**Q** 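Quick one: structure below, then a few questions.
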Amino acid sequence: MARRIDVTGADGVRLAAWEFGDPPKDGSDTAAPGVLLLHGLMGRASHWAPTARRLSARYRAIALDQRGHGRSDKPSQAAFTRDAYVNDAEAALEQLDLGPTVLIGHAMGALTAWQLAAKRPDLVRGLIICDMRASALGAASQRVWAEWFKAWPVPFATLADVRKWFGEDDPWVERPNPARGAFYAEVMAESPDGWRPVFDPDQMLRSRETWVYDAHWEELAQVRCPALVVRGLDGELGRAEAQEMVRVLPHGQYAEVADAGHLVHYDQPEKWLSVIEPFLDTLTTD
């Protein structure tokens, strides 16, 4: 089970944080080291559940529903800028008294993590970047996403229909992917006419347009803590770019997960954990 903790983000936006497990009870007086997990665009804290539960044996593991996502507020007039997301994560760390922490981010959440690590090195002692590119994606990418959202056959009649469409029928799916179907089923909620996403697609596009037109190498180079770049072999982050990210990071390391796509931590949770836990071990022994 996860315990909900409400925190206040930038501009007063209410955010739902979820603490998995209890701090280690090893008889010591020292608090468990903190880990903050940040999901990607359209994701939610529950997508981190397998990772957070494993880590909760040794860490204070908290996953954040970012603004516009999950159980956090989705105000129509809220800012969905890079600064807003970074400031939210910063506020969460301070209010939860997690720092200095390890930030683990997937996709958009990874970008937020490394931008926060660059901004507040005092709050971050380690960073794990999961399948997020540092290069600019451009206007064509944003147009493709806008058309993709329009193609969703919402409302879905059942959750089984959600799983089938995102796992098999979605034109973006090259081969059946049950894990992808399950991933999107977690971000649906039942409404009077069927199942719809818990987020506003327009807010997602507004969030995305604040990073796709720009490269983010400069912030990456400003990260001073140890950092691990993880990619799925079939993900969106290519090997060459991932290795260049490692080169740019002052203390970068590289890992890849076989038989995994963009949703690395969700596709292959055990393999994902097998590459991040040795990195985490190096942080605890420093």
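On a predicted model such as this, the values are computed, not experimentally measured, just so you know. Basis for what follows: all heavy atoms, side chains included, without hydrogens, waters or symmetry-related copies.
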**Q** Hey, are Asp169 and Arg163 close enough for a salt bridge, meaning a charged N less than 4.0 Å from a carboxylate O?
**A** no
**Q** When you group the ILVMFWY residues by side-chain heavy-atom contacts below 4.5 Å and let the links chain together, are Leu38 and Ile104 in the same group?
**A** no
**Q** Would Arg58 and Asp281 pass as an ion pair if we require N to O under 4.0 Å?
**A** yes
**Q** Taking all non-hydrogen atoms of both residues, which atom of Leu64 and which atom of Ala17 are closest, and how far apart?
**A** CD1-CB, 4.0 Å
**Q** Establish, yes or no, whether a centroid distance under 6.0 Å links the rings of Trp114 and Trp217.
**A** no
**Q** Between the main-chain N or O of Gly261 and the side-chain N or O of Asp267, is there a donor-acceptor pair closer than 3.5 Å?
**A** yes
**Q** Taking Ala134's backbone N and O only, do any of them form a donor-acceptor pair with Glu241's side chain (distance below 3.5 Å, no angle check)?
**A** yes
**Q** Going by side chain to side chain donor-acceptor pair (under 3.5 Å), name the residues that satisfy it together with His216, two or more places apart in sequence or in a different chain.
**A** none
**Q** Looking only at the side chains, is there a donor atom on one of Thr158 and Trp195 sitting less than 3.5 Å from an acceptor on the other?
**A** no
**Q** May I ask you to decide if Thr8's main-chain N or O and Gln95's side chain share a donor-acceptor pair within less than 3.5 Å?
**A** yes
**Q** I need the full list of salt bridge (charged side-chain N to carboxylate O under 4.0 Å, His left out) pairs touching residues 77-89, with sequence neighbours left out, sorted by first then second residue.
**A** Arg67-Asp88
**Q** Could you tell me if the ring centre of Trp48 sits under 6.0 Å from that of Tyr266?
**A** no
**Q** Tell me whether Lys74 contacts the main-chain N or O of Gly70 through its side chain, where contact means a donor paired with an acceptor under 3.5 Å.
**A** yes
**Q** Does a side-chain N-to-carboxylate-O contact under 4.0 Å join Glu190 and Arg196?
**A** no
**Q** Hey, does the side chain of Ser72 reach the backbone of Ala16 with a donor-acceptor pair shorter than 3.5 angstrom?
**A** yes
**Q** Main chain of Arg180, side chain of Asn177: is a donor-acceptor contact present, judged purely on distance under 3.5 Å?
**A** yes
**Q** Using only atom types and a distance under 3.5 Å, with no angle test, would you say the side chain of Asp6 pairs donor to acceptor with the backbone of Arg14?
**A** no
**Q** Quick one: do Arg239 and Glu244 make a salt bridge, cutoff under 4.0 Å?
**A** no
**Q** Backbone N or O of Glu256 within a donor-acceptor pair of the Arg231 side chain at under 3.5 Å?
**A** no
**Q** For the pair Asp65 and Arg71, find out whether any cationic side-chain nitrogen is under 4.0 Å from an anionic carboxylate oxygen.
**A** no
